[in-house]
Amino acid sequence: QVHLVESGGGLVQPGGSLRLSCTNSGFSLDRYAIGWFRQAPGREREAVSCISNSDGSTHYADSVKGRFTISRDSAKNTVYLQMNSLKPEDTAVYYCAAGGTLRLGILTPAYEYDYWGQGTQVTVSS
């Protein structure tokens, strides 16, 4: 069973940092490719980052490269998204998703992920 829960969102000033967590109370997340997506009001959902379940490779959208880092902690059955140097345009609801494979890396479409969390709000504002 997969029941994803995101946490760690909040209000932060521009230039600040947040760490989002994605946990599962059922099966190990190591068996899944994990993606982080975000959706801002009036905008389409976009992929932010993902991590493979086959080779551990990580992938990032151009808009977050060098600022965000995705990682796994197998002992805690958790995937993290460390977000640094946050900008107002990073404001969105962030979702984690679990799927079978990263067929196209960061371009793997959302519909190829099987399980989704409920989302956590990230607001970057002064």
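Worth saying up front: this structure is predicted, and the values here are computed from it rather than measured. In what follows, residues are counted from 1 in the order of the sequence shown.
- Within 6.0 Å of CD in Glu89 there are more than 12 heavy atoms belonging to other residues, nucleotides or ligands.
- For the pair Val93 and Glu6, the minimum side-chain heavy-atom distance is 4.5 Å or more.
- The side chain to side chain contact (heavy atoms under 4.5 Å, CB included) test applied to Asn24 returns Val2, His3, Leu4, Phe27, Leu29, Asn77, not counting sequence neighbours.
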- request: Go through the steps for Met83 and Arg67 under the test side-chain contact (heavy atoms from CB on, under 4.5 Å), then give the verdict.
  value: CA-CA 6 Å; Met83 306 187 298; Arg67 300 189 298 122; over 6 Å; no
- prompt: Can you check side-chain contact (heavy atoms from CB on, under 4.5 Å) on Val122 and Arg38, steps first, answer last?
  reply: CA-CA 9 Å; Val122 171; Arg38 67 186 180 188; over 6 Å; no
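- Among all heavy-atom pairs drawn from Ala47 and Ala61, the shortest one is O-CB, 3.5 Å.
- The ring pair (Phe, Tyr, Trp, His ring centres under 6.0 Å) analysis of residues 49-108, with sequence neighbours excluded, yields no pairs.
- The CD1 atom of Ile51 sits 12.5 Å away from the SG atom of Cys96 when rounded to the nearest 0.5 Å.
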task: Please assess Glu46 against Val64 for the test side-chain contact (heavy atoms from CB on, under 4.5 Å), listing each intermediate value before the final yes or no.
output: CA-CA 12 Å; Glu46 63 171 336; Val64 306; over 6 Å; no
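- Scanning all heavy atoms of the two residues, the minimum distance from Asn84 to Ser17 falls at OD1-OG, 2.9 Å.
- Between Gln121 and Thr91 there is a side-chain heavy-atom pair separated by less than 4.5 Å.
- To the nearest 0.5 Å, atom CZ of residue Phe37 and atom OG of residue Ser49 are 10.0 Å apart.
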query: Could you go step by step and tell me if Gln13 and Leu86 meet the side-chain contact (heavy atoms from CB on, under 4.5 Å) rule?
result: CA-CA 8 Å; Gln13 292 187 341; Leu86 283 162; over 6 Å; no
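- In this structure, OG1 in Thr78 is found 12.5 Å from CG in Leu20, a value given to the nearest 0.5 Å.
- Counting only heavy atoms from C-beta outward, the side chains of Pro88 and Pro14 approach each other to under 4.5 Å.
- Without hydrogens or angle criteria, Thr120 side chain to Gly9 main chain gives a donor-acceptor distance under 3.5 Å.
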message: side-chain hydrogen bond (donor to acceptor under 3.5 Å, both in side chains) for Ser21 and Thr23? Distances and angles first, verdict last.
response: CA-CA 6 Å; Ser21 300; Thr23 62; over 6 Å; no
Name each donor-acceptor pair under 3.5 Å that joins a side chain in residues 105-114 to protein atoms two or more places apart or in another chain, with its distance.
unit_1, atom_1, unit_2, atom_2, d
Thr108, OG1, Arg103, N, 3.3
Thr108, OG1, Leu104, N, 2.9
Thr108, OG1, Gly105, N, 3.3
Thr108, OG1, Gly105, O, 2.8
Glu112, OE1, Arg103, NE, 3.3
Glu112, OE2, Arg103, NE, 3.0
Glu112, OE2, Arg103, NH2, 2.5

- request: Apply the test salt bridge (Lys or Arg N to Asp or Glu O under 4.0 Å) to residues Asp62 and Lys65: give CA-CA distance (whole Å), side-chain angles for both, the deciding distance (0.1 Å), then the verdict.
  value: CA-CA 5 Å; Asp62 287 344; Lys65 278 181 182 177; 3.2 Å; yes
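- By the rule that hydrophobic residues join a cluster once side-chain heavy atoms approach within less than 4.5 Å of another member, Trp36 and Leu102 end up as members of separate clusters.
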